[in-house]
2 protein chains.
Amino acid sequence: MGMEATVWPTTLPEDLRAHLPEGLADGVFPAGCPSRTVLDHITSKWGVLILLALSEGEQRWSELRRRAEGISEKMLAQTLKTLERDGLVLRKAQPVIPPRVDYSLTERGYELSGLLVPLVAWAYNNADDILNGQR
Amino acid sequence: MGMEATVWPTTLPEDLRAHLPEGLADGVFPAGCPSRTVLDHITSKWGVLILLALSEGEQRWSELRRRAEGISEKMLAQTLKTLERDGLVLRKAQPVIPPRVDYSLTERGYELSGLLVPLVAWAYNNADDILNGQR
DNA sequence: TAAGGTACTCACCTTTTGGTAAGTTATGGG
DNA sequence: CCCATAACTTACCAAAAGGTGAGTACCTTA
């Protein structure tokens, strides 16, 4: 009897770590590595929000502005451009006046959003506990 | 016959979206929302790498420096402090000389790393395709 | 006595990121 | 003729992130 510490695994279960590629298995992420660049894009403040919004389906510029609350036009343009270059977002512009542009996820972007959504949901669900528990 | 476009779902499957909390279901992330803060911490450049490294188990300061290749001492200290305050990382300091400090994931941090690892692995696996496909 | 080891902190400076407000385009409507 | 509209671009400035190098603490070993 007496106090007993709660115990949980100290490393990830084998089946999860088994899916890690080689050079990553020891937790080392080489500095110049291309994956660092990609990781920066997809975990950027606005990148996450845009990908999340687009996981709800095709949307216009103005709709994206509304959903990623607080984003400036400059950052929206910049973020969309990066995601488009990365092949995660598809831009369809119709030659009408006033202009109409629809954004959607590519197949790759769609695949990614499947990983991003649980992460965002986790942050959303744990945010209050995390920030309240600080002295 | 002729050309046929590859088709994939344009929104996430119902069972995934069903796990999204209320206010998130329409893809809107309120600007002042606490989850924005938490999301920024866990998707920060160095935060991701530290959490990833720690998913391999308890590690010392110097070992973390090595694994998060390229990080400066200043940023390592800062990132660890944030993650510790957020209750994701546990710091155990031993009063010996020279000092010895071990860092590990808390239960909450461990839970999080289960979502982060697939994301990082995805970035690692797709990085070359993504960066090569740009003109 | 002096050097070495570990985990930091601090001050200073550079680089990157991001916001603001204005300008652009082309057309249809009043 | 002029304004509104949607989707941007640009120039300029402020703020935040991040790097560098020095300093600190304390004991052990040479």
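None of the values given here were measured: they were computed from a predicted structure. Within every chain, numbering begins at 1; the chains are lettered A, B, ... in the order of the sequence lines, protein sequences first and strands thereafter. Side chains are part of it too, since the values below use all heavy atoms of this structure and drop only hydrogens, waters and symmetry mates.
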Minimum-distance nucleotide (side-chain atoms of [X] versus [options]):
| X | options | value |
| --- | --- | --- |
| B:Ile97 | D:dC26, C:dA22, C:dC8 | D:dC26 |
| B:Met75 | D:dA22, D:dG18, D:dC8 | D:dG18 |
| A:Pro99 | C:dC8, D:dT9, D:dA6 | D:dA6 |
| A:Lys45 | D:dT5, D:dG19, C:dG18 | C:dG18 |

Looking only at side chains, do B:Glu111 and A:Asn126 share a donor and an acceptor under 3.5 Å apart?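 On atom types as modelled, these side chains do not qualify, holding no pair under 3.5 Å.
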
Do we see a donor-acceptor contact under 3.5 Å between the side chains of A:Trp46 and A:Gln78? no

Which whole-number value in Å describes the distance from [X] [atom1] to [N] [atom2]?
| X | N | atom1 | atom2 | result |
| --- | --- | --- | --- | --- |
| B:Lys74 | C:dA11 | NZ | P | 12 Å |
| B:Gln78 | C:dA7 | CD | P | 19 Å |
| B:Glu73 | D:dT24 | CD | P | 16 Å |
| A:Leu64 | D:dA7 | CG | C1' | 12 Å |
| A:Lys92 | D:dA7 | NZ | C1' | 17 Å |
| A:Asp40 | C:dT16 | CG | C1' | 12 Å |
| A:Gln94 | D:dC8 | CD | P | 12 Å |
| B:Leu80 | C:dA7 | CG | P | 11 Å |

Would you say the side-chain atoms of A:Gln94 pair up with the backbone N or O of A:Pro99, donor to acceptor, closer than 3.5 Å?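 It does not hold such a pair.
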
Taking only side-chain N and O atoms of [X], does any of them lie within less than 4.0 angstrom of OP1 or OP2 on [N]?
| X | N | value |
| --- | --- | --- |
| B:Lys81 | C:dT9 | yes |
| B:Ser72 | D:dT20 | no |
| A:Arg91 | D:dC8 | yes |
| A:Tyr103 | D:dA6 | no |
| A:Arg60 | D:dA7 | yes |

5'-most contact on DNA chain D (nearest-nucleotide basis), A:Ala77 vs A:Pro98, goes to A:Pro98

Please work out if B:Arg65 contacts a base, only the sugar-phosphate, or nothing of the nucleic acid, heavy-atom cut-off 4.0 Å.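 No contact.
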
Tell me which of B:Arg100 and A:Trp46 sits closer to the 5' end of DNA chain C, going by the nucleotide each one is nearest to. B:Arg100

Lys/Arg-Asp/Glu bridge criterion (N-O < 4.0 Å) met for B:Glu63, B:Arg66: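 So B:Glu63 pairs with B:Arg66 through a salt bridge.
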
Rounded to the nearest 0.5 Å, what separation is found between the CG atom of B:Leu116 and the CG atom of B:Leu49?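 If we round to the nearest 0.5 Å, B:Leu116:CG and B:Leu49:CG are 9.5 Å apart.
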
